[in-house]
Amino acid sequence: MKFAAFASSVLLLAFRVDAFTPSSILSPQRTIQTSKTSLHVAAEPTKTSSTSGEWAPDSWKTRKASQMPVYDDPDELEAAVKRLERCSPLVFAGEVRSLHEQLARACHGQGFLLMGGDCAEAFNEFNVDHVRDTFRVLLQMALVLTFGSSLPVIKVGRMAGQFAKPRSEPDEVRGDVSLPSYRGDIINSEAFTPEARRNNPHNMVEAYHQSAQTLNILRAFATGGYADISRLQAWNLDFVEQTEEGSRYRKFATKVDESLRFMKAIGVDTSSATFSKTDFFTAHECLLLPYEQALTRKDSTTGRWYDCSAHMLWVGERTRELDGAHLEFTRGIGNPLGVKISDKCTPEELIRICDTMNPNNTPGKITIIVRMGAEKLRKNLPGLIRAVQREGKSVLWISDPVHGNTRKTENGFKTRDFENIRAELRAFFDVHDEMGSHPGGVHLEMTGEDVTECTGGISDVTEDTLGDRYNTYCDPRLNGSQALEIAFLIAERMRKRSGLPPIE
């Protein structure tokens with residue numbers, strides 16, 4: 001009974017966070033009530049132009065922009081940007097501040113960030129079911145993680161904007177034919193023809209409209225009862241039916257179920273908004289800067305600039321040059337930011353990145369997304385954490401255990417092995433235990449669909465079965481069962497880290 005009472009209080013964290021607002025987030029002139037400012041963003045961007053040393057939405061143009069497509073018609077590009085500037089924001093300043101507040105808590109060890117979604121969204125794959133399935137699995141994962149960690153879980157989807165992808169080579173060669181590489185549907189198309197591979201600026205407009213539809217679907221699901229906590233647990237019980245009798249997953253799910261039953265028995269109304277609605281945010285890689293600039297707006301209440309294409313943006317490993325255009329753009333926006341780092345990042349470089357992206361050292365502003373592979377992580381991450389601790393930088397550390405574990409099979413499939421992903425996560429938690437720092441989240445390329453793109457896990461995908469449902473347009477994704485299994489494994493580790501007794 002004591003366990004159930006404790007667990008029921010933990011589950012109350014699953015959907016709502018009593019967030020605090022760091023003073024540095026707010027306007028220095030006034031205190032803002034975020035509940036009253038959720039729509040206070042200009043409908044159109046204020047016309048600006050950069051001057052020497054000053055930030056403006058277009059000041060990135062004075063810097064080298066890596067991984068940017070070359071458009072053959074500047075007038076066509078300008079027309080597409082102008083059309084986007086007349087469009088409504090996709091997200092609003094109050095929503096962005098709400099995410100920032102929750103991430104600030106996580107920086108102090110009072111939260112866990114769950115980021116997940118497709119490697120790259122595609123125009124012809126868009127449908128309600130696809131959005132719903134990924135949303136559902138992320139909520140299932142969040143419930144498991146909340147129970148295991150006793151922490152609020154911040155849910156962020158790689159959705160409603162994750163269209164562009166960096167490429168190793170600017171051109172793709174097949175036989176004697178060389179064409180521009182496929183960079184994601186927001187830039188060009190996958191078919192290997194000159195017409196499809198032309199960098200088309202009007203694809204940005206189509207990406208905007210698909211993102212708007214996706215956000216409408218997500219908001220409806222998050223607030224319309226689909227996120228009901230009892231429904232999520234029922235789905236989790238369906239998952240554990242696939243596992244062997246007496247498995248640790250079944251034991252874990254049983255404890256969650258007992259807690260829900262206990263709450264109902266003592267009169268807790270689990271049909272209330274606290275248990276039937278949830279916060280859900282979106283994020284994507286800040287890659288295609290004309291698109292991001294066109295959707296950047298000045299908040300009318302604070303005077304701050306926000307990129308209204310997503311609640312959060314991250315800068316990738318290939319575009320985080322200190323003197324590059326992507327860091328120049330992100331340094332001026334009010335959104336929470338992420339930066340991906342591999343073993344190539346030195347401690348000195350990381351500190352300079354933090355100084356550039358978060359000069360005021362505001363909690364919740366910057367998330368460091370670590371992608372190295374288990375062995376390199378154990379070798380390199382301690383020095384990076386030590387440098388951040390020494391300089392007193394406020395950051396949130398999260399693990400991206402998939403990108404450093406991609407390989408190609410003999411039959412030509414790009415894949416990732418579940419055990420290697422698990423090993424990198426284990427290394428991430430081990431290092432943070434050794435350093436006394438907070439392992440603050442996980443970032444996964446995953447889908448709610450039953451694809452066969454990554455090998456291993458409960459779903460038992462093998463190299464021989466990769467071709468059965470290998471649907472990705474870019475990199476291999478964890479399927480729904482594999483992603484949920486990762487959540488159970490992290491929850492067990494977080495439970496141990498929190499000093500809670502093992503589930504037996």
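What you see is a predicted model, and the numbers here were worked out from it, not measured in a lab.
Residues Leu90 and Leu215 come closest through the heavy atom pair O-CD1, 3.5 Å. Summarising the geometry of Leu313 relative to Cys286, their closest heavy-atom pair is CD2-CB, 3.8 Å, with the distance given to 0.1 Å. Nearest heavy-atom pair across Leu288 and Tyr71 is CD1-OH, 3.7 Å. Closest approach of Gly448 to Arg136, counting heavy atoms only: O-NH2, 4.0 Å. Closest approach of Leu151 and Gly109 over heavy atoms only: CD2-O, 3.6 Å. Pairing each heavy atom of Val96 with each of Ala310, the nearest pair is CG2-O, 4.5 Å.
Here OH of Tyr182 is found 10.5 Å from NZ of Lys165. Values are rounded to the nearest 0.5 Å. Atom OG1 of Thr282 and atom NZ of Lys155 lie 14.0 Å apart (nearest 0.5 Å). Here CG of Asp343 is found 9.0 Å from CZ of Arg371. Values are rounded to the nearest 0.5 Å. Distance check: Ser399 OG to Met115 CE gives 12.5 Å after rounding to the nearest 0.5 Å. Interatomic distance, Gln102 CD to Ile154 CD1, rounded to the nearest 0.5 Å: 5.5 Å. If you take CD on Glu449 and CG on Asp118, they are separated by 7.5 Å, rounding to the nearest 0.5 Å.
Within the 4.5 Å cutoff, no side-chain heavy atoms of Val451 are placed close to those of Cys454. Taking the side chain as every heavy atom from C-beta outward, Phe126 and Val131 approach each other to under 4.5 Å. Residues Glu424 and Asp400 are not in side-chain contact: their nearest non-hydrogen atoms beyond the backbone lie 4.5 Å or more apart. Inter-residue side-chain proximity for Leu287 and Pro166 is flagged as met; some heavy-atom pair is nearer than 4.5 Å. You'll find the side chain of Phe413 stays beyond 4.5 Å of the side chain of Thr455, heavy atoms only. Put simply, the side chain of Glu172 does not reach to within 4.5 Å of the side chain of Arg167, judged on heavy atoms. Arg493 places none of its side-chain heavy atoms less than 4.5 Å from the side chain of Phe428. Inter-residue side-chain proximity for Ser66 and Glu321 is flagged as met; some heavy-atom pair is nearer than 4.5 Å.
Between the side chain of Ser181 and the backbone N or O of Glu169 there is at least one donor-acceptor pair closer than 3.5 Å. Side-chain atoms of Gln162 come within 3.5 Å of backbone N or O of Cys119 as a donor-acceptor pair. Side-chain atoms of Ser149 do not come within 3.5 Å of backbone N or O of Met494 as any donor-acceptor pair. Here the side chain of Asn405 pairs a donor or acceptor atom with the backbone of Pro401 at under 3.5 angstrom. Using modelled atom types, one side-chain atom of Glu485 and one backbone atom of Ile458 make a donor-acceptor pair closer than 3.5 Å. Here the side chain of Thr214 pairs a donor or acceptor atom with the backbone of Gln210 at under 3.5 angstrom. Side chain of Thr465 to main chain of Val461: no donor-acceptor pair is present (N/O by atom type, distance under 3.5 Å, no hydrogens or angles). No donor-acceptor distance shorter than 3.5 angstrom exists from the side chain of His311 to the backbone of Pro336, with no hydrogens or angles considered. For Lys365 (side chain) and Asn335 (main-chain N/O), a donor-acceptor pair under 3.5 Å exists by modelled atom type. The backbone N or O of Ala122 lies less than 3.5 Å from no partner atom in the side chain of Asp185, so there is not a single donor-acceptor pair.
Tested against Arg416, the residues Gln482, Glu453, Glu445 include a single side-chain hydrogen bond (donor to acceptor under 3.5 Å, both in side chains) partner, Glu445.
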Could you go through Glu78 and Lys82, starting from their C-alpha distance and side-chain angles, then the distance that decides it, and tell me whether this counts as salt bridge (Lys or Arg N to Asp or Glu O under 4.0 Å)? CA-CA 6 Å; Glu78 182 66 17; Lys82 293 292 185 185; 3.5 Å; yes
With side chain to side chain donor-acceptor pair (under 3.5 Å) as the criterion, how do His130 and Glu121 come out once you've worked through the C-alpha distance, each side chain's angles and the decisive distance to 0.1 Å? CA-CA 10 Å; His130 182 76; Glu121 295 172 281; over 6 Å; no
Between Phe123 and Phe163, does the ring pair (Phe, Tyr, Trp, His ring centres under 6.0 Å) criterion hold? Intermediate values first, please. CA-CA 9 Å; Phe123 293 159; Phe163 290 99; 5.6 Å; yes
Yes or no on side-chain contact (heavy atoms from CB on, under 4.5 Å) for His326 and Trp60, after CA distance, side-chain angles and deciding distance? CA-CA 7 Å; His326 293 84; Trp60 63 269; over 6 Å; no
Residue pair Phe135, Ile217: steps toward the side-chain contact (heavy atoms from CB on, under 4.5 Å) verdict: CA-CA 10 Å; Phe135 176 75; Ile217 295 166; over 6 Å; no
Dump the intermediate steps for side-chain contact (heavy atoms from CB on, under 4.5 Å) on Asn479 and Arg469, then the final yes or no. CA-CA 10 Å; Asn479 61 34; Arg469 294 177 299 280; over 6 Å; no
Any chance you could lay out the side-chain contact (heavy atoms from CB on, under 4.5 Å) test for His443 and Arg158, step after step, and finish with the verdict? CA-CA 9 Å; His443 181 120; Arg158 291 172 51 110; 2.8 Å; yes
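Side-chain N/O atoms of Asp307 and Ser309 include a donor and acceptor closer than 3.5 Å. At a cut-off of 3.5 Å, with distance as the only test, a side-chain donor of Glu317 or Ser342 sits close to an acceptor on the other residue. Side chains of Ser59 and Glu328: a donor on one and an acceptor on the other come within 3.5 Å.
In summary, Lys340 and Glu285 do not engage in a salt bridge, as defined by a charged side-chain N under 4.0 Å from a carboxylate O. Residues Glu195 and Arg198 are not paired through a salt bridge, judged by the lack of any N-O separation under 4.0 Å between the basic side chain and the carboxylate.
Other residues, nucleotides and ligands contribute more than 12 heavy atoms inside 6.0 Å of the CZ atom of Arg132.
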